[in-house]
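Only a predicted model underlies this, so the values are computations on that prediction, with no experimental measurement involved. Just so we're on the same page: letters track the sequence lines, and every chain starts at 1.
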There are 2 protein chains.
Amino acid sequence: MMKLDHTDLKLINLLQNDAKQTNKKLSLNLNLSVTAVYERIKKLERNGIIKQYVALVDKKKVGLGFQVFCHIKLAQHTQKHIQLFENQISKLDEVVECFHVSGEYDYLLKVIVRNMEHFREFMTAKLTSIEHVGSTQSSFTITEVKNNTQVPV
Amino acid sequence: MMKLDHTDLKLINLLQNDAKQTNKKLSLNLNLSVTAVYERIKKLERNGIIKQYVALVDKKKVGLGFQVFCHIKLAQHTQKHIQLFENQISKLDEVVECFHVSGEYDYLLKVIVRNMEHFREFMTAKLTSIEHVGSTQSSFTITEVKNNTQVPV
DNA sequence: TATGAAAATATTCGTTC
DNA sequence: GAACGAATATTTTCATA
């Protein structure tokens with residue numbers, strides 16, 4: 001486990017907000033040389049603390065304005081069925097997030113689709129065709145109040 | 001509304017997976033010149049289709065292994081109370097996502113904290129101190145099965 | 001950890017289709 | 001308007017201290 005000092009945490013935060021700023025700009029913010037910044041970033045990458053650099057896309061502008069949260073109960077809860085369900089659900093592009101959670105339902109999914117038609121298609125053709133899905137309960141997103149990828153380090 | 005051809009969509013997908021690959025690498029993938037790739041990216045940025053470039057951090061490696069979904073009901077539902085709630089909730093760093101949703105509850109929150117202690121603190125000191133929060137129901141994450149930032153274009 | 005040179009990359013520009 | 005290659009500017013990378 002890598003130790004992170006205050007500068008590392010600040011660097012992580014800067015990169016969580018803008019991954020494409022130059023090392024020079026970062027160095028000014030952090031009071032370090034460009035090389036020192038470079039070395040710290042490489043170390044964060046090597047240690048897997050920074051997993052990936054991604055571009056964030058405006059969902060609405062690409063016609064994907066419909067977000068749905070699906071609460072799912074499995075019909076059976078053996079290790080085998082859990083494995084099977086998780087494998088199959090992971091393959092669906094529309095499912096952008098899937099968490100095994102405590103409480104009344106077993107899984108919480110975030111599904112991104114174009115519109116209600118598309119969602120209907122997803123439900124009937126894909127979701128309910130996965131074996132051992134018991135009941136599902138869907139919540140439609142009315143407003144996206146906050147949607148950060150940054151983690152509060 | 002900008003029209004996106006097949007090359008744009010492919011480019012978006014490549015950048016959603018790796019935002020730091022060089023234009024040269026992209027140009028090889030897309031059968032374009034480096035300049036053409038450059039111009040297309042700038043256009044996507046200008047049109048707000050690409051909103052941001054971010055570094056994704058391994059939550060567990062920075063000690064944030066505890067994810068909780070909070071379902072919240074408001075006590076009152078006037079425009080004013082909704083505004084107030086959304087403003088206050090947005091300010092909390094632990095709340096990384098917040099959606100106004102249909103169904104039994106009004107809001108669905110994703111909260112990232114260090115551990116159960118930290119969550120308790122968050123609940124008592126922050127969440128329930130926000131006015132007009134009626135009831136809350138929390139689901140703890142057992143496993144993160146899938147957690148993509150990519151949108152299925 | 002810092003400096004600075006070398007290599008790689010991004011950006012601009014003039015031109016063509 | 002979109003694409004290209006050549007040129008220029010900027011940034012990353014790495015050897016060395």
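- Rounded to whole Å, the distance from CG on B:L30 to C1' on D:dA3 is 14 Å.
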Under 4.0 Å protein heavy-atom contacts per nucleotide of nucleotides 12-17 of chain C, with B for base, S for backbone only and - for none: BB----

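- The side chain of B:K43 places an N or O atom within less than 4.0 Å of a non-bridging phosphate oxygen (OP1 or OP2) of D:dA2.
- Nearest heavy atoms, B:H118 versus B:V113: ND1-CB, 3.4 Å.
- In this structure, the nucleotide among D:dA3, D:dT12, C:dA2 sitting nearest to the side chain of B:A36 is D:dA3.
- Counted by atom type alone, B:N13 and B:Q150 present zero donor-acceptor pairs between their side chains at under 3.5 Å.
- Listed by first and then second residue, the ring-ring contact (aromatic ring centres under 6.0 Å, His included) pairs involving residues 48-67 of chain B are B:F66-B:F140 (not counting sequence neighbours).
- Mapping B:L32 and B:K20 onto DNA chain D by nearest heavy atom places B:L32 at the nucleotide closer to the 5' end.
- Nearest heavy-atom pair, A:I89 versus A:L109, reported as atom, atom and distance to 0.1 Å: CD1-CD2, 3.6 Å.
- The listed nucleotides are D:dA2, C:dA2, D:dC4; the one nearest the side chain of B:R40 is D:dA2.
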I would like to know whether B:L32 and B:L11 meet side chain to side chain contact (heavy atoms under 4.5 Å, CB included); could you show each step before the answer? CA-CA 11 Å; B:L32 279 178; B:L11 175 56; over 6 Å; no

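- Using modelled atom types, no side-chain atom of B:S138 and backbone atom of B:C70 make a donor-acceptor pair closer than 3.5 Å.
- Between D:dT11 and A:N23, no contact under 4.0 Å exists linking OP1 or OP2 to a side-chain N or O.
- Atoms NZ (B:K24) and P (C:dA7) sit 14 Å apart, rounded to a whole Å.
- Between the NZ atom of B:K3 and the P atom of D:dG1 there is a distance of 15 Å, rounded to whole Å.
- Of the candidate nucleotides D:dA3, C:dT9, C:dA2, D:dA3 has the atom lying nearest to any side-chain atom of B:S33.
- Within 4.0 Å (heavy atoms only), A:K42 reaches sugar-phosphate atoms of the nucleic acid but no base atom.
- Regarding A:N31, its CG atom lies at a distance of 14 Å from the C1' atom of C:dA2, rounded to whole Å.
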